[in-house]
Structure formats: structure tokens, C-alpha cells
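Since the structure is predicted, the reported quantities are computational estimates derived from the model, not experimental observations. Lettering follows sequence order; numbering is per chain, from 1.
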2 protein chains.
Amino acid sequence: MARATVQDVAKTAGVSVGTVSRVLNKSPAVSESSKEKVTAAIRQLNYRPLASARDLRRDRTLRILALAKNLNSPIISEAFRGVGDAAASSGYVSLIAPTAGDPEREQQLVDMLRNGSVDGLIMFSPTMPDEDVDEMAEQLSVVQVCEIADSEAAFGVSIDDRQAAFDITRHLIETGGRRLAMIGNRAARSGRLREEGFRQAAAEAGISREQTLFAEGEFDFHTGRRLTRELLKADPLPDAVFCGSDTVAAGCVREITDAGLRVPDDIAVAGFDDSVQAEMCVPELTTIRQPAYDMGRLAFEELLARMTVPGVHRRGRTFLPHELVIRDSTKN
Amino acid sequence: MARATVQDVAKTAGVSVGTVSRVLNKSPAVSESSKEKVTAAIRQLNYRPLASARDLRRDRTLRILALAKNLNSPIISEAFRGVGDAAASSGYVSLIAPTAGDPEREQQLVDMLRNGSVDGLIMFSPTMPDEDVDEMAEQLSVVQVCEIADSEAAFGVSIDDRQAAFDITRHLIETGGRRLAMIGNRAARSGRLREEGFRQAAAEAGISREQTLFAEGEFDFHTGRRLTRELLKADPLPDAVFCGSDTVAAGCVREITDAGLRVPDDIAVAGFDDSVQAEMCVPELTTIRQPAYDMGRLAFEELLARMTVPGVHRRGRTFLPHELVIRDSTKN
DNA sequence: TCTACTTTTGGAATCGATTCCAAATTGGAG
DNA sequence: CTCCAATTTGGAATCGATTCCAAAAGTAGA
């Protein structure tokens, strides 16, 4: 049994396709009686309007797509929840796809916006260079979250990464940290901004760059352990480590503990994100809370504005406030 | 500047729309010279075929959708990686959407299959009742992963949850566990199967149902802690706890440790999934490894068969082998 | 009952890419 | 140079839902 079409419904209901379509779209210009006939026919034939035909005619899909490197980042999944809720309340369906950091995969997904498979795009962690994001944003509905390209058409929602890193580093210093270390990721813009904040806080406390340690790598648990192992070879040892994510911080704490040292007494550790990992860690992690859900909501609102008012290319970033969450992994 | 169409490209290249389309679809029946002209025109106009028009005519989208309650389950994100890789190598784009356990949201997403927005559907954790999944599977391309409805048209990919639970429970018994407890989730089919396996292992070891403890709840860290707190009120205390996920197990270990007891000496704890949490926990968790990536790959292959050979409604489940991973949270 | 409305309806045109068929062109053999 | 076959091309028809316009039906007032 092939799929039923408006034609079939019209025939079964004994009305014209126009009337069927009007019923489908809740046009008020339909008599009660034909509305009933059409509704009955739709049920009888188990009819669903074909998305591609509708999209073609209407020139929009009411779908948006979010792109992220991977799905298991707690910040991303929380932000995406915000996107989804905001989208739903505006009648949009929101989908997400991981790029795995593969430029080809990313390109293929971005093409979904170019070819009209979706109306808008939310980018969490672009792999493509800033210029490309920029160029795309010129003509298409794109909003960035967390990672915002530093360019002309920069636009999107995030926290102030530099300030957040500054705040938490200052906390480390205020609680006695002098020999500071950071585990960061220079591949990401946010990572570079956090490094800036870290260095600025150190500098303001009169700690020279040479007294400072820096290790670089991806933000996963095992990398955290490995990089910490490197840091622990330093002499003198660091007494405070700022990590770019809670997961890395968990690895850091683990490695310190395994080395027979105590957190925070010997070495204080700070994370970033306030994910559940921060609470799972022993001791629980001092960290930076990102308002991920709200960032997602706001990102969708921004996107909606771009999609519906085509001329509007509201520029600029929106920064949401972060929060320093102090727990037991740093002294007090 | 509006979007260019095949018509525009044809005019610019000085050929007919048919020829343009043939170039787009790499038909061999095009002369070298017109291919060049068309390619040049496409580049000049920055032309992209409109997805909805193509989909309408071709009656397929080369897109699939995966549904899950939430995105941050490590098993789901790993399985989805498998889906994505398999899909990509067959020319499909795979998208994912969280339902948040909301039936309305789920319905809306399932409608994307019904209305032809996507060609196939992979369900990780359905909220709808088994009958509905079953009915849907009768006519549409749907494959289940991890959670498989227990019904006529049952089909999908998972591990043998009962056997896995049996195996790990037997391990708990073999390492001295007598007073067994389980933290499970009866809301999910897999949860019920795991409970069966747990009980079967206990029974075979001559442990009566009354000697056994059971706590029920969602699979997150805080629930794990709360339920463990309940279990620790029992007298005598349990000496081995099987948890339905590593995250719950981490909460369980934490609560036990905070109560001044030792894992595994006083109470052994086992997890499930072999996610990174299992290694982050101290002590590291004995757990069951699920071949999530392969489950995802296989699920897509199954789906592909259903999508391309419409008559084929291959029934049945595919079980992939699990693996007992023994670490320090259980005695040896 | 007739006029002047408003409400409701039918159906053709439309969106843009693909595909099929017939026509045009090319190439090679004789 | 002719003829037949193979290659290439143009363009109309098609996919299914929406929308616009004109026509039909309904309603109210006089």
C-alpha cells in the first residue's frame, strides 16, 4: 500500500485538494462539515503530508541542526537541551550531529544548511577555520555557542572564558597557590582565552611566566592523567593546577593521589564546567559553572531572529555570567 | 540575491536543465564540453541543489535519525558513533535527537520518519509502549539498539542483558558475595532483564530471594548515592552490590566510602557499561563491557537492509558478546 | 424575491530537481 | 558521401503540498 497523498484524501473526502490543504493548515475558511469529512478521510487513509513536498512549497523546514565534535561533553548536551526546548516552543525540531573533528563530515553537515535540509545551524565546536565560519555566517543562519570565532561577523553565545579562567586562577592564588600550572588546549579558541586569563591572574599576582607550568592536550580523563604525570616531574612541584575541564581535573587529581600526594594540601586542583564529574571526584572539585542550558536557549533565540528576519544580521557575542563554585579540591 | 536553481545554471551554461541534472548526478551520458560548462556555471552561481526538491522527486532523503532519551550516556554516544560511521560509508547522513523521555517530543520526532523527513529510524530508549514500536516497525524502517521491545516484530541489536547480569553477579558470588544487592531500573526492559539475570545467579548459588536486596531508580550519580544510603540501612549489610550502570556504581562506591566502609573489603561493587566512569572511580570498577560501537554499526546495516529492500522484514534480535571486566571494586 | 454581501470551494499554477522520450548530433563503416 | 548506430541533448511531465484566483454557495436585509 503506497503512501496516501492530498489527492487521495480529497477524493475519499469528496472535496478538493485545496480544502484538504486548508484543513491541514488550520485555515479558518473551511466549513465545519468539510473539516469533519477531511479529518475522517485522513484518519482512514492514515495520511501524513510529505515533508519534502511541503518544504519545497513553503521554502522552509522548521528544522535546525546543531554541530558538535562529540556528544558526550556535559556542557554540550546541556546546552543542546536548552536549544531543543527553545526550538520546540517555536515549533522547530532540533537535531544534533557529531563531526568527530572530521572536516569532511563537518562539510557534509554544513551542506545541509546550504541545500535547505534545515533552516538554521548552531555550531558548538567548529573544525573549519574562522574565515569559513565567518563567510558562512554572512549569508546563512548560523549561531555559535561556547566557541566563537574571532572575526568580523563574530556572533554567538558563550561565557567570558578569559574572565572565568582569571577568576578561578585568582582563587587558586588567594588560597596559597604560587607555583601555578595549567592543563589547557590551545587548539580551541576558548582554550587560548582561558590561558590568557590564567596568565593574567598570575602576572597580576607578581608570578612570572617562568614560574608557571603549562601542559597541553585534549580534554579527556586519560590525557589529564598523562599530562599531570609530566607536571609532577617538575622541581619544585606545582602547588596548584587549573584544568580546562572537570574530566581532565579528575584525571589530574587521580594521578596526584596515586603519587602519594594529597589534594588540596600538597597540590590544589581546579576544574571547569561544573559537570557531574566535579561531584564524582574525591575530593569534589572547585570549578567554573557555565549556564549551559541558558546558553542553548539564547542561541536558539538568536538563530530564530536570523532565520525569520532575513535582513537582520545582528552582530556580536552575548556573554552569560559564569560562577565560581568552590569545593574541596582547593584550600580555603 | 535569491538561491540559484537548475534553470539558472542551465541558462548560464547554455544547456538544458536535463544536462545540468545529468552532470549533478554524474550520469555518463554527458559530453566533456558541457560538463565543463555546467561545472563552471555551478561554481559561478554558487549553486546547490535544493534538498526538498531532490527528495520529493527521488522519494528518499539519504538521512536517518536516531532517538535517545538523552545524549550523555556513554553507551549511546559510542553506539551512535558506530551508526554514523556505517551510515557515512553508505552515503547516509545520520542525525540524533534526544526525547528527554517526553512522549510528545518523541512522537514529533517519530513523525519525521512517517512524513519522510528521514528514511529510517534508530531507537535507543523508546518511551512509547512496546505495541507502538511494534506497529511502527511493521510498516516503517526502524531498528532498536540496546533496548529491544519484547514483541512480535522484535528486532534490533543489543547484548544479552540477562546473561551479562548473570555473569557479573556470579562473579560477585564467586568472590565471596552472599548478601547480594542490586540497584536497577525496572522501567526499562534491559533493567528487568538484568534483574532476572541477577536473581537467577543468586538462586543458582542457593541464595534465597529474601536474602537479597533491591533498590530502584534512575541511572545517575545522585540516585546511586541515595539508593545506596537506603541499602546501607539494611541489617545485616549487603556485602556485594550490582549496579545497573557505572555512574550509579560510582555513586554507590562514594556513599559506601563516606560511610567509613571499604570497597571491596566490606562491600564489593560492580558496574555496567565499562564507560570512562569505571576508570575514574576509586577503586576502579568491575563492570560489563558492551561493544557499543559495533552495536551501532550493525544497527545501521540492519536499517539499511530494511530501507533498501522494502519487502524484507528480517525479524529477530542480534546479540553481540559482552565482556566481564574485572577491576578493583570486587575482591578476587 | 432580489441584491449585495461574506463564506466556502474547486482547481490550476507553483516550488525545483529528476527522468523519460524523442530529436539532434556525432562517429564510423562501407 | 551516405547510412546506421551510438552518443548527447532538449524539454515536457512528474513528484506532492500549498496558494491564489475566480466561481459557487450561503446569508441577510429590504
**Student:** Atom CG of B:L24 to atom C1' of C:dT18: distance rounded to whole Å?
**Tutor:** 10 Å
**Student:** Within a 6.0 Å radius of atom CD on B:Q108, are there more than 12 heavy atoms belonging to other residues, nucleotides or ligands?
**Tutor:** yes
**Student:** Quickly work out the A:Q7 CD to C:dA13 P distance and round it to whole Å.
**Tutor:** 14 Å
**Student:** Please tell me which of the listed nucleotides, D:dT18, D:dT8, D:dG16, lies nearest to the side chain of A:A53?
**Tutor:** D:dG16
**Student:** Between B:L45 (CG) and C:dG16 (P), how many Å, whole number?
**Tutor:** 14 Å
**Student:** By the 4.0 Å heavy-atom rule, please label A:L56 as base, sugar-phosphate, or nothing.
**Tutor:** base
**Student:** Take the protein atom NZ of A:K37 and the nucleotide atom C1' of C:dT9, then report the distance between them rounded to whole Å.
**Tutor:** 10 Å
**Student:** What is the distance, to the nearest angstrom, from the CG atom on B:L62 to the P atom on C:dA17?
**Tutor:** 16 Å
**Student:** Classify the nucleic acid contact of A:R22 as base, sugar-phosphate or nothing, counting any heavy atom under 4.0 Å across all strands shown.
**Tutor:** base
**Student:** Taking the nucleotide of DNA chain D with the nearest heavy atom to each, does A:R48 or B:T19 sit closer to the 5' end?
**Tutor:** B:T19
**Student:** Return yes if a side-chain donor-acceptor contact under 3.5 Å exists between B:D55 and B:T61, otherwise no.
**Tutor:** no
**Student:** Could you state the CD-P distance from A:E36 to C:dT8, rounded to the nearest angstrom?
**Tutor:** 14 Å
**Student:** Out of curiosity, B:L45 CG to B:T5 OG1, how far, rounded to the nearest 0.5 Å?
**Tutor:** 9.0 Å
**Student:** NA contact type, A:T5, heavy-atom cut-off 4.0 Å: base, sugar-phosphate, or nothing?
**Tutor:** sugar-phosphate
**Student:** Just by distance, with hydrogens left out, do A:E147 and A:S125 show a side-chain donor and acceptor under 3.5 Å apart?
**Tutor:** no
**Student:** When you check the phosphate oxygens OP1 and OP2 of D:dT14, does a side-chain N or O of B:R57 lie under 4.0 Å from one of them?
**Tutor:** no
**Student:** Counting only side-chain nitrogens and oxygens, does B:Y47 get under 4.0 Å of the OP1 or OP2 atom of C:dA17?
**Tutor:** yes
**Student:** Once you apply a heavy-atom cut-off of 4.0 Å, does B:V20 come out as touching a base, just sugar-phosphate, or nothing?
**Tutor:** nothing
**Student:** Hey, which of B:Y92, B:Y293, B:F80 is the one that makes ring-ring contact (aromatic ring centres under 6.0 Å, His included) with B:F300?
**Tutor:** B:Y92
**Student:** Quickly work out the A:R3 CZ to D:dG16 P distance and round it to whole Å.
**Tutor:** 9 Å
**Student:** Can you identify which nucleotide, out of C:dG10, D:dT18, D:dG11, has its nearest atom closest to the A:R54 side chain?
**Tutor:** D:dT18
**Student:** Would B:D85 and A:R105 count as a salt bridge (Lys or Arg N to Asp or Glu O under 4.0 Å) if you check the C-alpha gap in whole Å, the side-chain angles of each, and the deciding distance to 0.1 Å?
**Tutor:** CA-CA 10 Å; B:D85 286 354; A:R105 188 80 64 95; 2.8 Å; yes
**Student:** Within the structure, does a side-chain N or O atom of B:S34 lie under 4.0 Å from either OP1 or OP2 of D:dT9?
**Tutor:** yes
**Student:** Using a cut-off of less than 4.0 Å, is there contact between a side-chain N or O of A:N25 and OP1 or OP2 of D:dA17?
**Tutor:** no
**Student:** Just how far, in rounded Å, is C1' of D:dT18 from CG of A:D55?
**Tutor:** 12 Å
**Student:** I want to confirm an ordering. Mapping A:P28 and A:V17 to their closest nucleotides on DNA chain C, which one lands closer to the 5' end?
**Tutor:** A:P28
**Student:** Does C:dT7 have OP1 or OP2 under 4.0 Å away from a side-chain N or O of A:S31?
**Tutor:** no
**Student:** At under 4.0 Å between heavy atoms, what does A:V15 touch on the DNA or RNA strands: base, sugar-phosphate, or nothing?
**Tutor:** sugar-phosphate
